Amino acid sequence: VPAFRQVSDMRKPQEIKAIVEENKPVFVLKNSEVCFVAISQSQYEEFQNLKGRKELYTQLAVAEAEHKAGAPCLTHEEVFKNLRAKVNGL
C-alpha cells in the first residue's frame, strides 16, 4: 500500500526514508495534489528495466510487422558485414 505524506513532512526525512526502505512508494502532496513520488533505488532500477524491455518489445513488434509486410530480410552475415563496413568507414 503506498504512503501519502504532505510536503511539510519532508522536514522529517527519516520517516520518509523508513517507508521507502520498505519498498513502498511515498506520494508527496501539496494542496491535496501529488507533486512527486519518492521510491527506493531498487524500485527505480526495476522501473528502468521494465521501461527498457517495453522499448525492446516495441521495436521487435515493428520489425515483425515490417517482415510480414514483405520488407527485405538480411542474413546475420549481411548484417555484420554492413556493420563492419560502417565501423571501418568503408
Side-chain angles (χ1 to χ4, degrees):
V1 176
F4 294 87
R5 294 292 183 268
Q6 294 298 319
V7 74
S8 59
D9 289 343
M10 294 307 292
R11 294 183 205 128
K12 307 174 213 168
Q14 294 304 324
E15 180 181 323
I16 304 291
K17 183 180 176 195
I19 296 168
V20 167
E21 286 176 345
E22 294 175 7
N23 279 329
K24 295 180 183 176
V26 178
F27 292 83
V28 180
L29 308 171
K30 182 175 183 180
N31 298 328
S32 300
E33 291 187 21
V34 176
C35 58
F36 69 90
V37 179
I39 58 174
S40 67
Q41 183 170 346
S42 63
Q43 286 176 309
Y44 177 76
E45 289 169 356
E46 182 179 332
F47 169 76
Q48 290 295 86
N49 288 335
L50 290 174
K51 184 178 161 187
R53 274 191 239 143
K54 181 181 177 190
E55 290 171 8
L56 174 62
Y57 289 137
T58 299
Q59 291 174 356
L60 289 172
V62 168
E64 186 175 354
E66 289 175 352
H67 176 70
K68 286 180 180 178
C73 295
L74 300 174
T75 65
H76 83 278
E77 288 92 1
E78 292 170 317
V79 170
F80 281 100
K81 181 181 175 185
N82 293 341
L83 286 173
R84 284 187 195 98
K86 286 182 181 181
V87 168
N88 295 326
L90 301 175

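Predicted model, so just to flag it, every value in this text is computed and none were measured.
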Under 3.5 Å, sequence neighbours excluded: what are the donor-acceptor pairs made by side chains of residues 52-59?
residue : atom : partner : partner atom : Å
Thr58   : OG1  : Lys54   : O            : 2.9

Could you go through the side chain to side chain contact (heavy atoms under 4.5 Å, CB included) check for Val26 and Asp9 one step at a time?
CA-CA 11 Å; Val26 178; Asp9 289 343; over 6 Å; no
How many angstroms lie between atom NZ of Lys12 and atom CZ of Arg5, to the nearest 0.5 angstrom?
8.5 Å
Pairs touching residues 25-40 that satisfy side-chain hydrogen bond (donor to acceptor under 3.5 Å, both in side chains), sequence neighbours left out:
Asn23-Ser40, Ser40-Ser42, Ser40-Gln43
In Å and rounded to the nearest 0.5 Å, what is the CG to CG distance from Asn88 to Leu83?
10.5 Å
If you look at every heavy atom in Ile16 and Ala38, which pair is closest and at what distance?
CG2-CB, 4.4 Å
Remaining members of hydrophobic cluster (4.5 Å side-chain criterion), Phe47
none
Residues Glu77 and Lys81 bridged, charged N to O under 4.0 Å:
no
Are Val7 and Val34 co-members of a hydrophobic cluster defined by side-chain heavy atoms under 4.5 Å apart?
no
Just wondering, are more than 12 heavy atoms of other shown residues or ligands nearer than 6.0 Å to CZ in Phe4?
yes
Transitively linked via ILVMFWY side-chain contacts under 4.5 Å: Ile39 with Leu29?
yes
Answer yes if Val28 and Ile19 sit in the same cluster of Ile, Leu, Val, Met, Phe, Trp and Tyr residues linked by side chain heavy atoms under 4.5 Å apart, and no otherwise.
yes
Where do Thr75 and Glu78 land on the side chain to side chain contact (heavy atoms under 4.5 Å, CB included) test, with the steps shown first?
CA-CA 5 Å; Thr75 65; Glu78 292 170 317; 3.3 Å; yes
Would a single hydrophobic cluster contain both Phe27 and Met10, if residues Ile, Leu, Val, Met, Phe, Trp and Tyr are joined by side-chain heavy-atom contacts under 4.5 Å?
no
Within a radius of less than 6.0 Å around CD of Gln48, do more than 12 heavy atoms belonging to other residues, nucleotides or ligands occur?
yes
Interatomic spacing from CD in Gln14 to CD in Glu21 - rounded to 0.5 Å
8.0 Å
Answer yes or no: does atom CD of Glu15 have more than 12 heavy-atom neighbours from other residues, nucleotides or ligands under 6.0 Å?
yes
